[in-house]
Protein chains: 2
Amino acid sequence: MADVAKLAGVSKMTVSHVMNGHHHVRAETRAKVEAAMAAVDYRPNSTARALRRGRTGVIGLAVSNIHMPYTAELARGVSDVLQQYGYRVAIEETRGRSESETEAWLRSPLSYDGLLISTSSLHRVPPGTLPQGYPVVVLGESMDDLSVDHVGIANKAGLALATRHLLGLGRTRVAFVGGSLGEETDMQVSRTRGYAQALRHAGVAFDPALVLPTMSDAPGGHAAAAQVLAAGADGAVCVTDSVALGLMRGLADRGCRVPDQVPVVGFDDIELSQFASPTLTTVRPDKDELVATAVAMLVERMGGFDGPGRLRVVQCELIPRESTAL
Amino acid sequence: MADVAKLAGVSKMTVSHVMNGHHHVRAETRAKVEAAMAAVDYRPNSTARALRRGRTGVIGLAVSNIHMPYTAELARGVSDVLQQYGYRVAIEETRGRSESETEAWLRSPLSYDGLLISTSSLHRVPPGTLPQGYPVVVLGESMDDLSVDHVGIANKAGLALATRHLLGLGRTRVAFVGGSLGEETDMQVSRTRGYAQALRHAGVAFDPALVLPTMSDAPGGHAAAAQVLAAGADGAVCVTDSVALGLMRGLADRGCRVPDQVPVVGFDDIELSQFASPTLTTVRPDKDELVATAVAMLVERMGGFDGPGRLRVVQCELIPRESTAL
DNA sequence: TTGAAAGCGCTAACAG
DNA sequence: CTGTTAGCGCTTTCAA
């Protein structure tokens, strides 16, 4: 910048003014400075600018797994909405690196003006871990630290919806693929509770043999097909669409017809679900509202709002398709 | 930091030494400083540190569309490999925002130590756009600016492989879904050229009516099914697996059986392709080599290597599955 | 083993 | 309309 200033015969300040489009610069001066900038191929140093300004204009999105279609769609939505607020978004993948992903995040060498954290299994966050006044919104499962804003999905209600759908079809041995009976309240556990709840309300006995833990991806679902059949299930709800798509294929490989013999329901409504054969019945969370709410909360925080943590839960809707059309 | 220093009764420098684990600090002093850091909930300012050190330890990955499974898998691979080198990765989505995405990138408010740029259609980059000495590696289509390292996929050869596969099945009216006959060499155009080349080598006439432009996603493929049938195709290669999956469903919706009536081939080998019904024959680029090569080049550049731009192309392999099993 | 000085590249706040 | 001053929070260098 000093080089540019010297070459243009002005001060660094004037260069700064030109760079930032301050209107009170004479056209002639501006031209000189611009020429000088081009001549030395000047590139502003964004680190210095960020240090001085105290903000970067970038918000971070921490996800545990970019590979999940749900995550990709989330990232897309968040980028779009934040762009309207004048922010850029950088995504980092945590891969469940440490016990407390949050902690790892706060040590990020990048400076974000705010942080959106989305993990499917966010374990206990020791209260006080989050620095005062650092704008953070958590998407997904709840944290113990209630000083943080949080936007969740109605996992329990959503899965109850799916389960009830199969019970309504007259199925009585509905499996839950990708379920978990753990204590920590993560996404899998919440959904499993919804499953159990729906059975209870319908007066159907809960059979632990029908809860099949798997990896939450298509290979996991595929591998679970054998167990679904072995357990004598006559229907299956899955923890995610990816699992459901894998399961459907696994069942087909074993000569089991979907939906006739085993209707299948997923969760998330990823794009490919409507192009599968058969198309997949699924539970669709209101993603737009999820994103809009989270971003609005974050923007408020960045604007200085310092109230207590807020909680908002978005609802889900059942999308019936061929995989449960009897 | 000044607060911590004062509270611990030392200088800022000592705090810095403790923070950075310099060993020549007396245990007693270290303890005092650590206590003070905890007491004031001290958080180092990464921007200031980056400004002073001249590096952030983060590299940027620019993608045009996170939503594409291919992109997600790329991001995953890059993160994994760069982590071994001690770097973190931040992903930004460009969405083809400007004529020159590269330009937009270099204005990023975040400071990266290096940049990986992956776009499916990177248009002309005016030479000189990239700053001297800024480590950049481009993934995918080639740029005019040869001063930049570049790792490509053998798009043309890969699609020729796919096309030849269908010709070898005795098909003579093979459609290309998602093709493009444009002038700018983007991914779609390269793949279309591979299609045309395979036809030529086999002595099959090239019929422009069989090149069907679509969006490069599942809805695009689904919508193209009608045109594939209208064009009297007896086989279809697709620009991506997403398109192929959409197409297969579209054909099924019209009572057309895959593979008997119209065998289908995709490109990318995304995870869900092996769980579709029928499973999808596809062209698999050597993703591991792509990532390893790109990262190695970037690391060399960040290490000071300043030679001319290098070009490396990774090969593809045909993965036959049910969608072409006659 | 610790600390003082200097400055990374930029811009807010004011003067002129 | 343009420039001066004074740092942002940290670390490199070198001295004590």
Side-chain angles (χ1 to χ4, degrees), chain A residues 1-37 39-58 86 106-113 131-134 302 304, chain B residues 1-37 40-58 106-113 131-134:
Chain A
M1 188 159 144
D3 294 349
V4 173
K6 187 176 298 173
L7 189 61
V10 298
S11 75
K12 287 194 302 178
M13 237 8 266
T14 304
V15 176
S16 173
H17 284 142
V18 169
M19 239 189 344
N20 295 292
H22 292 184
H23 45 284
H24 42 55
V25 179
R26 226 173 43 196
E28 192 184 340
T29 312
R30 174 187 303 280
K32 268 195 313 195
V33 171
E34 276 163 355
M37 292 202 295
V40 302
D41 190 26
Y42 171 69
R43 308 275 166 177
N45 179 317
S46 40
T47 305
R49 174 177 291 184
L51 177 59
R52 183 63 245 229
R53 288 192 178 158
R55 59 184 300 277
T56 58
V58 180
L106 294 170
R107 299 224 171 291
S108 173
L110 249 27
S111 309
Y112 299 118
D113 292 344
Q132 304 274 8
Y134 188 40
M302 293 190 295
Chain B
M1 189 159 142
D3 294 349
V4 174
K6 187 176 297 171
L7 190 60
V10 298
S11 76
K12 286 194 302 178
M13 252 347 285
T14 303
V15 176
S16 174
H17 285 142
V18 169
M19 242 192 336
N20 295 291
H22 292 182
H23 45 284
H24 43 57
V25 178
R26 231 174 39 199
E28 191 184 339
T29 314
R30 175 186 303 279
K32 268 195 312 197
V33 171
E34 275 163 355
M37 291 201 297
V40 302
D41 190 26
Y42 171 69
R43 308 275 165 178
N45 178 317
S46 39
T47 305
R49 173 176 292 185
L51 177 59
R52 186 62 244 231
R53 287 192 179 159
R55 58 184 300 278
T56 58
V58 180
L106 293 170
R107 299 223 171 291
S108 173
L110 248 28
S111 308
Y112 299 118
D113 291 345
Q132 305 273 7
Y134 188 40

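The chains referred to below are lettered A, B, ... by the order of the sequence lines, with proteins before strands, and numbering in each begins at 1.
Classified by interplanar angle (parallel below 30°, tilted 30° to 60°, perpendicular above 60°), the ring pair A/His17/A/His22 is tilted.
With sequence neighbours excluded, the residues forming a side-chain hydrogen bond (donor to acceptor under 3.5 Å, both in side chains) with A/Arg53 are A/Asn20, listed by chain and number. Taking A/Asp113 as the reference, A/Thr56 meet the side-chain hydrogen bond (donor to acceptor under 3.5 Å, both in side chains) condition, with sequence neighbours excluded.
Here the straight-line distance linking atom CZ of A/Arg55 with atom CZ of A/Arg49 works out to 11.0 Å at 0.5 Å rounding. Within the model, atoms CD of A/Glu34 and OG1 of A/Thr29 stand 11.0 Å from one another, a figure rounded to the nearest 0.5 Å.
For residues 14-29 of chain A, the pairs satisfying salt bridge (charged side-chain N to carboxylate O under 4.0 Å, His left out) are A/Arg26-A/Glu28, with sequence neighbours left out.
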Where along nucleotides 9-16 of chain D does protein come under 4.0 Å, by heavy atom, of base (B) or sugar-phosphate alone (S), with - for untouched nucleotides? BBBB----

Side-chain atoms of residues 4-13 of chain B: list all donor-acceptor pairs with protein atoms under 3.5 Å, sequence neighbours left out, distances to 0.1 Å.
from    : atom 1 : to      : atom 2 : distance (Å)
B/Ser11 : OG     : B/Met13 : N      : 3.2
B/Ser11 : OG     : B/Thr14 : N      : 3.4

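In this structure, A/Arg55 places its CZ atom 15 Å from C1' of C/dC10, rounding to the nearest Å.
One axis for each end of the helix from C/dT1-D/dA16 to C/dG16-D/dC1, each built from five base pairs, and the angle between them comes to 30° at 10° resolution.
Shown here for A/Tyr42 and A/Met1, the closest heavy-atom pair between the two residues is CE1-N, 3.6 Å.
For the OP1/OP2 pair of D/dG3 and a distance below 4.0 Å, the side-chain nitrogens and oxygens of A/Thr14 include at least one atom meeting the criterion.
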